[in-house]
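For reference, the structure is listed below as structure tokens.
Owing to the predicted nature of the structure, the values given are computational and were not obtained by experimental measurement. Every chain is numbered from 1, with letters handed out A, B, ... down the list of sequences.
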Amino acid sequence: MRLSQYFLPTLKETPSEAQIVSHRLMLRAGMIRQSSAGIYSWLPLGFRVMKKIEQIVREEQNAIGVHEMLMPTIQPADLWRQSGRYDSYGPEMLRITDRHDRDMLYGPTNEEQITEIFRDAVKSYRDLPQHLYHIQWKFRDEVRPRFGVMRGREFLMKDAYSFDLDFEAAKTTYNKQFVAYLKTFKRMGLTAIPMQAESGPIGGDMSHEFVILAVTGESEIACHRDFLDNDWLDNIDLEGDLQVVVNAFTDKYAATDERRDPEIEKTLGDDLVVARGIEVGHIFYFGKKYSETMGAVVTGPNGEDVTVEMGSYGIGVSRLVGGIIEASHDDDGIIWPQSVAPFQAGLINLKPGDSACDEACEALYQKLIDAGVDVLMDDRDARAGAKFADMDLIGLPWQVVVGPKGLKDGIVEVKNRATGERQEVTPEDAVKKLAG
RNA sequence: CGGGGCGUGGCGCAGUCUGGUAGCGCACCUGCUUUGGGAGCAGGGGGUCGGAGGUUCAAAUCCUCUCGCCCCGACCA
């Protein structure tokens with residue numbers, strides 16, 4: 001991509017409404033613009049990151065055999081009357097009336113919708129288990145949206161729903177998602193700690209929040225120090241026995257604020273860490289809560305009616321964009337992990353109009369593309385300082401700087417955004433380095 | 001929803017107390033000079049001060065109402 005032809009409206013100054021670092025950086029880096037409180041437009045750069053995150057989530061869901069589908073954003077109120085949640089959900093639910101005066105709502109979640117689909121289609125235990133997900137926009141009319149996209153009213157979420165015949169099967173499904181979540185967040189360069197959590201208005205017994213640590217985190221958490229000194233985490237074979245992996249994580253103490261246990265914490269002593277975290281995922285087993293109220297029943301092996309066991313598994317996709325920035329930035333801007341970076345590298349032409357620079361950049365640009373490197377070339381007629389500042393701000397993992405001075409010696413500079421390390425190499429070596 | 005703050009050009013702000021029809025920096029346009037970490041000089045365009053009503057000879061400034069946004073708290077992916 002050529003920056004001269006791209007839409008990247010960066011800001012030198014921070015808009016006054018943005019307080020926390022991810023919100024500030026997302027506005028300054030031209031990733032988002034606010035439409036109204038808690039509702040954002042995603043500009044090209046931000047959209048790319050969100051799509052990268054979405055794709056990682058998708059791949060890990062597909063890998064455990066969950067099937068992708070898509071349910072609507074607008075749902076009929078009657079569906080929610082069946083579960084009783086139309087009345088209990090409260091003002092967080094955005095209620096709409098259509099032209100025929102029918103009660104509708106903008107979905108804050110999709111348990112009712114998926115349960116209706118399931119119960120109308122699945123009648124025999126032979127068709128179990130079923131495990132489905134979609135990645136769709138949700139709306140929750142928060143009283144007080146804040147923190148930019150981390151606590152918006154409109155947000156993109158992956159939510160999966162499982163249907164099993166009995167508790168044992170449901171537990172296995174839960175474990176699959178548990179491990180899939182570990183892999184998903186790890187791929188994004190995050191350390192997400194599974195924590196015992198309240199199951200909230202969705203209800204249920206077995207529930208874990210996946211929390212990433214950040215000083216600006218929204219809530220306090222407590223956990224065993226081991227989660228931070230995470231070399232043992234790297235030694236867990238995520239491909240191994242599910243229950244063993246899940247136990248490895250759940251055996252160590254980790255709890256959200258409302259679930260903390262003073263007794264256990266006393267025994268931990270110096271191993272106790274209290275920190276702030278951002279919830280990026282939440283998995284629930286809630287048994288028959290919806291299957292009972294909505295009649296999701298199959299015929300069992302002995303001809304008896306069996307009310308199915310359900311669970312739901314959410315990941316805040318749009319929230320993760322902000323969450324990753326909270327976990328990975330410095331004074332100059334964002335530092336994207338490779339896997340979610342909007343481009344892998346930035347190519348800075350320090351002197352557009354200079355034929356040596358132009359030719360070297362065009363050649364490098366093409367070679368990088370040919371080598372499969374997603375590159376953003378800053379070919380704007382701007383000053384060097386502005387280009388460096390913008391490139392640091394948008395946080396691409398690598399920067400290749402091409403200027404007249406280096407070119408005299410046949411050299412370009414490769415900078416690692418995360419470490420700040422710079423190397424002077426030939427253009428050929430630069431391509432090798434980035435492609436490798 | 002309780003408490004607090006703020007709305008003045010694209011962004012950041014001053015001016016409001018002590019009314020006299022708008023200013024600064026950045027950004028933008030033109031020209032010249034510059035060119036390896038957000039350039040310099042000169043010239044230029046853009047706002048009627050969130051909105052409505054009121055007081056006054058005169059309102060960004062005073063009064064009333066209203067809308068929006070932000071922060072703390074309660075609540076939440």
Using a 4.0 Å heavy-atom cut-off across all strands, classify [X] as base, sugar-phosphate, or nothing.
{"X": "A:P404", "result": "base"}
{"X": "A:E413", "result": "base"}
{"X": "A:A37", "result": "sugar-phosphate"}
{"X": "A:S16", "result": "sugar-phosphate"}

Fill in: Aromatic plane relationship, A:Y181 with A:F210 - under 30° parallel, 30 to 60° tilted, over 60° perpendicular
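The rings of A:F210 and A:Y181 sit tilted, inter-plane angle from 30° to 60°.
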
Nearest to side-chain heavy atoms of [X], which nucleotide of [options]:
{"X": "A:R28", "options": "B:G38, B:C76, B:C11", "result": "B:G38"}
{"X": "A:V143", "options": "B:C75, B:G12, B:C69", "result": "B:C75"}
{"X": "A:Q19", "options": "B:C76, B:A77, B:C71", "result": "B:C71"}
{"X": "A:D392", "options": "B:C13, B:G37, B:C71", "result": "B:G37"}
{"X": "A:K12", "options": "B:A74, B:G37, B:C26", "result": "B:C26"}
{"X": "A:E92", "options": "B:C11, B:C70, B:C76", "result": "B:C76"}
{"X": "A:R383", "options": "B:G25, B:U35, B:C75", "result": "B:U35"}
{"X": "A:K415", "options": "B:C72, B:C76, B:G37", "result": "B:G37"}

Discussion item. Are B:G36 and A:F388 stacked, with the base six-membered ring and the side-chain ring centres under 5.5 Å apart and planes under 30°?
Written reply: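 Here the ring of A:F388 and the base of B:G36 are not stacked, as the 5.5 Å and 30° limits are not both satisfied.
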
Discussion item. Regarding B:C69, can its base be found pairing with the side chain of A:R144 as donor and acceptor, where the two atoms are less than 3.5 Å apart?
Written reply: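 Check fails, no donor-acceptor contact within cut-off.
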
Discussion item. Please confirm whether the shortest side-chain N or O distance from A:Q34 to OP1 or OP2 of B:G68 is below 4.0 Å.
Written reply: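 No, because none of the side-chain N or O atoms of A:Q34 sits under 4.0 Å from OP1 or OP2 of B:G68.
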
